[in-house]
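Contents: one structure, followed by commentary.
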Amino acid sequence: MPPTAARLSAFTESVIRGMTRVAQRHGAINLSQGFPDFDPPAALLEALARAARGSNHQYAVTWGAPRFREALARKITRFSGVEVDPDQHLVVTCGGTEAMMVAMMTACQPGDRVIVFSPFYENYAADAVLCGAVPVHVALRAPAFGVDFDELERAFRTGARAVVLCNPSNPCGKVFTREELVRIGELAERYDAFVITDEVYEHIVYAPRRHVYFAALPGMAERTLVCNSLSKTYSITGWRLGYVQASARVIAEARKVHDFLTIGAAAPIQEAAITGLEFPDRYYEDFLADYTRKRDVFLGYLRAAGLPFTEPEGAYYVMTDISELGFSNDTDAAHWLAKEVGVAGVPGSSFFHEPVHHLIRFHFAKREETLRAAGEKLMAWRKAPGRP
Ligand code: GLN
């Protein structure tokens, strides 16, 4: 039999989604794959029921249903200030995951280099390999995950076609400052590279930090491919609705990639999601207040359990340091915690290019009672002597 494609040996199945299966096997509280255990806003569920009874059950326009794109363009401009023409600057995709694949395939030729900060969300390196590109990793420096601009410039000098920028960052919770983003933009300009952003956590940025939209920086809209999603903002990860936002020149090409990858996102889902895009500012204020509370509750338990961590400035993940706990590595630790303690996280090594084996990523997109139950289990374990 012929061998399967050799490039696939460059990466494994998703460790994040694998840990969800481990959690299910052991009946553990699942703080691994980041998704809520609470309902989306009731208004969205009602809109979905209306959409089910409506007439949007055949293919939508491949690059997005017109009414959805119009509402999306208004929402993007409202928060970022960037002018968005719904007919020229958007491709609606099946989740942020497809958006990233479309962006990378649109920007990169086989053999191109793509800069990926480390730690990174595991899809980026896999997406680069899938489109024949070569990831070039630039380490964010512990403990605050700062950018080493000399190292970044060296990476640009390899002739990189694009840099992937996850802001706020999954997994480390870093929120890039305006100064950092401006410097990244200057390098992208000097070395004529695209900036592919992943901003799915744009509305989960804890005070006093604020989200700076990369495409809104002077001169950056033309070279930015924004990847985004409605999953996190409206707690609808299962709806699989995302988008790429870029210049008309780039979107004309991105549409072709998307058309042949998936044709389009689900038509009734797009119709229903318009309701979310039209939510008032109050929705986003309450949403952030809820996540701030969840963060405070969960970090309180980590502190009480004596587990060191880097405080997240945005998104809903926390990197927890297990180096003093007697495990030989993070993968063993994550499996042991799921089985013996009943709390599942993701081994940190799956997010790093460098050999980093002392971190576990937990997420806190869960009801407060779930977080408290997980926190109690972690505390009880830490109090019980003689166990790793
Ligand atoms: N972004 C989420 C995480 O990092 C969910 C990943 C996924 O399975 N798509 O856990």
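In listed order, ligands and their atoms are each counted from 1. The first residue in the sequence is number 1, and the count goes up from there.
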Side-chain donor or acceptor of [X] paired with backbone N/O of [Y] under 3.5 Å:
X: Asp321; Y: Pro308; result: no
X: Glu122; Y: Val15; result: yes
X: His353; Y: Ala139; result: no

Ligand 1 versus [X]: contacting region, heavy-atom distance under 4.0 Å:
X: Phe35; result: neither
X: Lys232; result: side chain
X: Asn170; result: side chain
X: Phe351; result: neither

Discussion item. Both conditions, 6.0 Å and 45 degrees, for the charged tip of Arg361 above the ring of Phe351: are they met here?
Written reply: no
Discussion item. Whether Lys256 engages the ring of Phe260 as a cation-pi pair (distance to the six-membered ring centre under 6.0 angstrom, angle to the ring normal within 45°) should be assessed.
Written reply: no
Discussion item. Would Ile16 count as a polar contact of ligand 1, with the cut-off being nitrogen or oxygen pairs under 3.5 Å?
Written reply: no
Nearest-contact summary for [atom] - protein heavy atom, Å:
atom: atom 7 (C) of ligand 1; value: Arg17 NH1, 2.9 Å
atom: atom 3 (C) of ligand 1; value: Tyr317 OH, 3.2 Å
atom: atom 6 (C) of ligand 1; value: Tyr121 OH, 3.1 Å

Worksheet item: Counting from 1, what ligand 1 atoms have a heavy atom of Tyr201 closer than 4.0 Å?
Response: 1 (N)
Discussion item. Whether the Tyr201 and Tyr317 side chains hold a donor-acceptor pair (N or O, under 3.5 Å, no angle test) is what I'd like checked.
Written reply: yes
Worksheet item: Phe68 and Leu48: same hydrophobic cluster, using ILVMFWY side-chain contacts below 4.5 Å?
Response: yes
Discussion item. Heavy-atom contact check, 4.0 Å cutoff: does Arg361 meet ligand 1?
Written reply: yes
